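Before any comments, here is the structure.
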Amino acid sequence: AQSVTQLDSHVSVSEGTPVLLRCNYSSSYSPSLFWYVQHPNKGLQLLLKYTSAATLVKGINGFEAEFKKSETSFHLTKPSAHMSDAAEYFCVVSTPFTGGGNKLTFGTGTQLKVEL
Amino acid sequence: ETGVTQSPTHLIKTRGQQVTLRCSSQSGHNTVSWYQQALGQGPQFIFQYYREEENGRGNFPPRFSGLQFPNYSSELNVNALELDDSALYLCASSFVRGDSQNEQYFGPGTRLTVT
């Protein structure tokens with residue numbers, strides 16, 4: 001079974017400093033990985049996805065993630081945090097179904113706090 | 001382009017009752033998935049509908065059932081509600097072709113409270 005582990009339940013940064021949210025994955029084959037963000041009382045928004053093309057993936061709002069097979073990691077980074085980045089972030093792995101379709105398995109989430 | 005919409009936004013039910021939640025998929029999408037998100041946790045996969053049939057199912061009992069309609073909208077039905085069913089129910093749509101693992105786009109969710 002495929003799974004993801006988010007290594008930090010809470011991360012706090014100052015506005016303007018870099019953000020690092022850590023995620024390790026477990027998969028028996030080359031995985032499809034995603035990062036989603038959830039702002040309070042809102043649905044989930046896709047930040048970026050990795051599907052075995054370039055290992056460095058750029059997403060929306062200045063976020064990017066690097067797929068490292070040797071470390072089984074898919075960490076999310078941003079050079080400079082903004083107050084609006086405060087939210088819950090989920091690392092996600094996709095499992096395909098025979099004949100098409102897929103299910104998403106979510107990590108436990110990392111709550112990002114951005115302070116002035 | 002219309003995104004994923006869900007109704008109702010909030011719902012309060014009593015233990016033992018039945019509930020139906022509704023979802024309209026994003027324009028151009030042909031697949032709908034449902035997830036349950038308990039407070040403070042990540043979403044858990046309930047099932048997926050593709051070509052109007054259940055395509056895959058997570059670890060949920062049979063009292064969780066669903067439908068997909070020809071216009072790709074979907075319903076989630078839960079019978080014999082239990083207190084632990086209180087959660088945010090999220091619908092997600094995607095476009096499936098072949099064995100592609102496309103991203104899923106989520107609606108705002110329905111907050112179900114069971115008392």
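Only a predicted model underlies this, so the values are computations on that prediction, with no experimental measurement involved. In what follows, chains carry the letters A, B, and so on, assigned in the order in which the sequence lines appear, proteins first and then strands, with residues in each chain numbered from 1.
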query = For the hydrophobic clusters of this structure (ILVMFWY residues joined by side-chain heavy atoms under 4.5 Å, transitively), does one cluster hold both L47(A) and L104(A)?
reply = no
query = Of all heavy-atom pairs between Q38(A) and L88(B), which one has the smallest distance, and what is that distance?
reply = NE2-CD2, 4.0 Å
task = Please indicate whether L7(A) has more than 12 foreign heavy atoms, meaning atoms of other residues, nucleotides or ligands, lying under 6.0 Å from its CG.
result = yes
message = Please classify the contact of Q6(A) with chain B as side chain, backbone, both or neither, using a heavy-atom distance under 4.5 Å.
response = neither
request  = Answer with yes or no whether the hydrophobic clustering places V78(B) together with Y49(B); edges join I, L, V, M, F, W, Y residues whose side-chain heavy atoms lie under 4.5 Å apart.
outcome  = yes
task = Pick one of side chain, backbone, both or neither for S9(A), based on which atoms fall under 4.5 Å of a heavy atom in chain B.
result = neither
query = Is any side-chain heavy atom of R57(B) closer than 4.5 Å to a side-chain heavy atom of F97(A)?
reply = no
message = So for K103(A), is it side chain, backbone, both, or neither that comes closer than 4.5 Å to the heavy atoms of chain B?
response = both
request  = Look at the side-chain heavy atoms of Ile, Leu, Val, Met, Phe, Trp and Tyr, link any pair under 4.5 Å apart, and say whether L76(B) and L81(B) land in one connected group.
outcome  = yes
inquiry  = Test of understanding: clusters of I, L, V, M, F, W, Y form through side-chain heavy atoms closer than 4.5 Å, transitively. Do L39(B) and L90(B) belong to the same one?
reply    = no
N59(B) atom CG: more than 12 heavy-atom contacts under 6.0 Å = no
ask   = Between L46(A) and chain B, which part of the residue has a heavy atom less than 4.5 Å away: side chain, backbone, both or neither?
value = side chain
message = Which atoms of F47(B) are under 4.5 Å from chain A, going by heavy atoms: the side chain, the backbone, both sets, or neither?
response = neither
Proximity breakdown for Q6(B) and chain A, heavy-atom pairs closer than 4.5 Å = neither
Student check: side-chain heavy atoms of F106(B) and Q45(A) closer than 4.5 Å = no
ask   = Do Y36(A) side-chain atoms and Y105(B) backbone N/O form a donor-acceptor pair below 3.5 Å?
value = no
task = Using a 4.5 Å cut-off on heavy atoms from C-beta on, say whether the side chain of N102(A) contacts that of Q104(B).
result = yes
message = Please determine whether residues L112(A) and L44(A) belong to a single hydrophobic cluster, defined as Ile, Leu, Val, Met, Phe, Trp and Tyr linked transitively by side-chain heavy-atom distances below 4.5 Å.
response = no
message = A quick test of your reading: do over 12 heavy atoms of other residues, nucleotides or ligands sit less than 6.0 Å from CZ of R63(B)?
response = yes
task = Mind listing the closest non-hydrogen atom pair of Q41(B) and F90(A) along with its distance?
result = O-CZ, 4.1 Å
message = Around atom CZ of F45(B), are there more than 12 heavy atoms from other residues, nucleotides or ligands closer than 6.0 Å?
response = yes
query = So which of P43(B), G109(B), G56(B) has the largest heavy-atom pair count under 4.5 angstrom toward chain A?
reply = P43(B)
